Amino acid sequence: MDTELEPILRQKALGDLRKQRVSRVSREPLYLQAARSIEGILAGYGDAVNVPIPPETEMAAALGIARPTVRQALAQLQQAGRVYAQRGSGTFAVPSVLSRPARLTSLFDDLESQGLAPTTRVLELGEIPASAEHAAELDVAVGAPLVHLRRLRLAGGKPIALLENVLNLRGAAAPAPDDLEHAGLYATLSSQYGIELRVASLRVSATLATKAERVLLALPNPCAVLVGRRLAFDTLGGGIEIGTTTYAEGAAIDGIRLQR
């Protein structure tokens, strides 16, 4: 990271954002207006790909909006391949030669498209109150009713992934376990709740499997697993899903494959 260049670009970017404050009377969602404004500052970073763009809190203040709205805007830009997030370091502009849109599909649908006969075992399903972290990420009130879901995904009878989801169904009842065992989560959200997911951010990391993960995924000890954490929004920018997927060894996320 160029420590001398970072404060210069940061102040210029924030100054540009202050000139592009969003309109609260527009029919366009605030997060889309914010995404367009933030995208406008990315060109100023040029080839400085190791210099983070301003933090969410500072961009929110510059635009006069809430931090969760900026987070949704960044998720939109990440889906479009314009920025990427690096845990502990910040959010960075993606060079134009590397920009590409990310797909938002369910693992169930991806496995079906490959002819791998996916099946699902529901391990936990129930309602929980939104924690402070959930509330901040999904932009709901602390204590709001959310649905907590844990599933084991298999392909051809072989366990390949553990899926844990916290869902904002806006007070609606949780889907039945049988529905979740015979269809993907996103298809269920669409057919039963009219929720269409269009924007998501994804962070991927590798870690050693816990004992419970090794048992459920039939893994040796020790063994590494690939973990993807996703935050998904609907077409209106509402926070819908916090999802964590733990993949068995040999699985892949967007071309990243884990091998022993």
Side-chain angles (χ1 to χ4, degrees), residues 1 6-7 9-24 26 28-96 98-105 132-140 166 168 196-205 227-245 253-254 256:
M1 180 186 300
E6 180 182 0
L9 291 177
R10 181 172 174 174
Q11 291 305 314
K12 182 180 185 302
L14 292 173
D16 290 342
L17 286 179
R18 292 187 188 98
K19 300 174 185 176
Q20 304 178 50
R21 295 177 69 88
V22 299
S23 170
R24 297 184 181 278
S26 172
E28 185 180 27
L30 288 178
Y31 82 96
L32 289 179
Q33 296 182 55
R36 188 167 58 252
S37 295
I38 294 171
E39 186 170 19
I41 71 173
L42 299 181
Y45 280 71
D47 296 327
V49 294
N50 291 322
V51 178
I53 64 176
E56 293 175 2
T57 51
E58 294 185 6
M59 289 193 291
L63 289 169
I65 56 178
R67 182 179 178 181
T69 305
V70 171
R71 187 177 296 120
Q72 293 175 27
L74 292 175
Q76 169 79 12
L77 293 173
Q78 187 167 348
Q79 184 194 28
R82 295 293 289 117
V83 301
Y84 68 96
Q86 187 173 332
R87 187 180 294 276
S89 299
T91 300
F92 301 80
V94 174
S96 58
L98 297 179
S99 296
R100 68 174 184 85
R103 296 188 307 135
L104 183 56
T105 58
E133 181 180 0
H134 295 153
E137 293 192 296
L138 295 175
D139 196 17
V140 298
V166 174
N168 173 24
E196 300 290 342
L197 298 182
R198 288 290 182 267
V199 182
S201 62
L202 175 68
R203 292 179 178 177
V204 181
S205 61
V227 180
R229 191 178 190 279
R230 179 180 59 259
L231 180 61
F233 305 89
D234 64 12
T235 54
L236 297 178
I240 300 296
E241 177 207 20
I242 301 170
T244 301
T245 304
I253 306 176
D254 279 350
I256 304 172

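This is a predicted model, so every value here is computed, not measured.
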Heavy-atom check, side chain of [X] versus side chain of [Y], under 4.5 Å:
X	Y	value
V140	H134	no
K12	I41	no
M59	L74	yes

Once rounded to the nearest 0.5 Å, what's the spacing between atom [atom1] of [X] and atom [atom2] of [Y]?
X	Y	atom1	atom2	result
L17	L63	CG	CG	4.5 Å
L9	L42	CG	CG	11.5 Å
R229	T245	CZ	OG1	11.0 Å
R24	I65	CZ	CD1	7.5 Å
R36	L77	CZ	CG	11.0 Å

Check [X] against [Y] and note the closest heavy-atom contact, atom names and distance.
X	Y	result
E28	Q33	O-NE2, 3.0 Å
A13	P54	CB-CG, 3.9 Å
A34	V22	N-CG1, 4.0 Å
Y31	D234	OH-O, 4.1 Å
L197	A232	CD1-CB, 4.0 Å
F233	E137	CE2-O, 4.3 Å

Side chain D139, main chain G239, donor-acceptor under 3.5 Å: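 No, because the side chain of D139 does not come within donor-acceptor range (under 3.5 Å) of the backbone of G239.
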Applying side chain to side chain donor-acceptor pair (under 3.5 Å), can you list everything that pairs with E56, at least two apart in sequence or on another chain?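 Partners of E56 under the side chain to side chain donor-acceptor pair (under 3.5 Å) test: R67, R71.
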